Visitor: 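Shown below is the structure under consideration.
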Amino acid sequence: SYKDLVSGMPDLTLEQAEKIVENSFEQAKDFNDKRAKLGTDAHKIAEIIFSNPSLVYQQEILDEIERLVLAGEIEFKTDFYKKNKGGRSKTSGGIRSETVQYFLDLRRHLQSVYGPKTKFLTERSFELNDLNTDATYGSMTSRLCGTIDLIVVDEDGEVHLYDFKSSTHDYNKWPPF
């Protein structure tokens, strides 16, 4: 709350207090924007891994990401991946490698649970109109729209849905299975 942000600062003018509050909100917004962009980039990596089952090693996947970036076929919103002056791309710390390993481990786990012939479909959008509900809003009928991060079709044809979430915590604290 406003009082919590400026408590212990009795000599502040109203203008100074408002500036402190405004800066706090801007910092929170910037932090959340960065987290959202990181999540988007992690989804791009997951899509590459689950769409290319022939890529089984971390370095193969990192090489494919580099190829896609240099070809202009994919662009990251964060510093997951940057081009240096020579045109070669470089990794930003170990974040990208950790993300690749996390999704690679998840893919291997899902194949061990559902079978080696499991099929993966990534980032599938859907829209359901005229649901069985009484909800209407003016002339609009209710509908449900979204994107499914990962659809897993096991060897028996059974469908399993997965929704990825990002976190500021170390991936090792959140095992994929």
Side-chain angles (χ1 to χ4, degrees), residues 24-128 143-177:
S24 295
F25 286 125
E26 282 300 314
Q27 288 175 354
K29 182 183 174 302
D30 289 347
F31 177 75
N32 286 329
D33 287 348
K34 287 177 186 174
R35 284 183 54 192
K37 288 175 183 177
L38 252 167
T40 299
D41 288 352
H43 277 76
K44 288 177 186 177
I45 290 175
E47 189 168 2
I48 291 166
I49 292 170
F50 285 102
S51 297
N52 295 288
S54 62
L55 300 175
V56 294
Y57 300 106
Q58 183 184 41
Q59 191 57 52
E60 287 179 313
I61 295 164
L62 292 170
D63 291 345
E64 176 65 5
I65 291 169
E66 181 171 350
R67 184 192 69 74
L68 292 169
V69 169
L70 293 175
E73 295 179 35
I74 190 171
E75 182 179 333
F76 288 104
K77 295 180 179 290
T78 62
D79 61 354
F80 255 142
Y81 215 83
K82 289 184 175 180
K83 291 182 183 176
N84 63 21
K85 293 178 184 174
R88 291 281 295 168
S89 47
K90 63 179 182 176
T91 304
S92 172
I95 296 173
R96 189 171 53 96
S97 296
E98 290 174 9
T99 304
V100 166
Q101 192 60 54
Y102 184 83
F103 284 119
L104 188 55
D105 290 346
L106 176 61
R107 186 178 74 186
R108 288 178 182 144
H109 173 74
L110 293 173
Q111 287 172 322
S112 74
V113 170
Y114 299 122
K117 295 181 183 176
T118 296
K119 298 203 182 319
F120 300 106
L121 306 168
T122 59
E123 299 295 319
R124 301 299 173 151
S125 298
F126 68 90
E127 181 177 338
L128 301 173
R143 68 179 213 200
L144 178 65
C145 302
T147 302
I148 300 171
D149 295 334
L150 180 64
I151 301 171
V152 178
V153 182
D154 66 25
E155 292 180 349
D156 297 327
E158 193 170 325
V159 175
H160 310 271
L161 306 179
Y162 288 84
D163 185 41
F164 301 135
K165 297 297 175 198
S166 57
S167 173
T168 57
H169 297 285
D170 183 354
Y171 288 136
N172 294 324
K173 294 181 180 180
W174 301 92
F177 38 85

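Since this is a predicted model, take the numbers as computed values, not measurements.
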Visitor: Which residues satisfy the side-chain hydrogen bond (donor to acceptor under 3.5 Å, both in side chains) test with Gln101, sequence neighbours excluded?
Guide: Asp105
Visitor: Applying ring-ring contact (aromatic ring centres under 6.0 Å, His included), can you list everything that pairs with Phe164, at least two apart in sequence or on another chain?
Guide: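 For Phe164 the ring-ring contact (aromatic ring centres under 6.0 Å, His included) partners, ignoring immediate neighbours, are His43, Phe103.
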Visitor: Does some side-chain heavy atom of Leu110 sit less than 4.5 Å from a side-chain heavy atom of Thr118?
Guide: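 No, their side chains stay 4.5 Å or more apart.
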Visitor: Can you measure from CG (Leu70) to CD1 (Ile65) and round to the nearest 0.5 angstrom?
Guide: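 Between atom CG of Leu70 and atom CD1 of Ile65 there are 12.0 Å.
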Visitor: List the residues meeting side-chain contact (heavy atoms from CB on, under 4.5 Å) with Val56, not counting sequence neighbours, and say none if there are none.
Guide: Glu60, Arg107
Visitor: Only pairs under 3.5 Å count here: list side-chain donor-acceptor contacts from residues 46-53, not counting sequence neighbours, and write none if there are none.
Guide:
unit_1, atom_1, unit_2, atom_2, d
Ser51, OG, Glu47, O, 2.7
Ser51, OG, Thr122, OG1, 3.4
Asn52, ND2, Ile48, O, 2.7

Visitor: Rounded to the nearest 0.5 Å, how far does CG of Leu150 lie from CG of Leu161?
Guide: 8.5 Å
Visitor: With a 4.5 Å heavy-atom cut-off, do Phe120 and Ile151 have their side chains touching?
Guide: no
Visitor: Verify the neighbour count for atom OH of Tyr57: are there more than 12 heavy atoms of other residues, nucleotides or ligands below 6.0 Å?
Guide: no
Visitor: Is any side-chain heavy atom of Asp41 less than 4.5 Å from a side-chain heavy atom of Thr99?
Guide: no
Visitor: With sequence neighbours excluded, what pairs up with Glu73 under the salt bridge (charged side-chain N to carboxylate O under 4.0 Å, His left out) test?
Guide: Arg67
Visitor: Would you list the pairs meeting salt bridge (Lys or Arg N to Asp or Glu O under 4.0 Å) in which at least one residue belongs to residues 149-161, sequence neighbours left out?
Guide: none
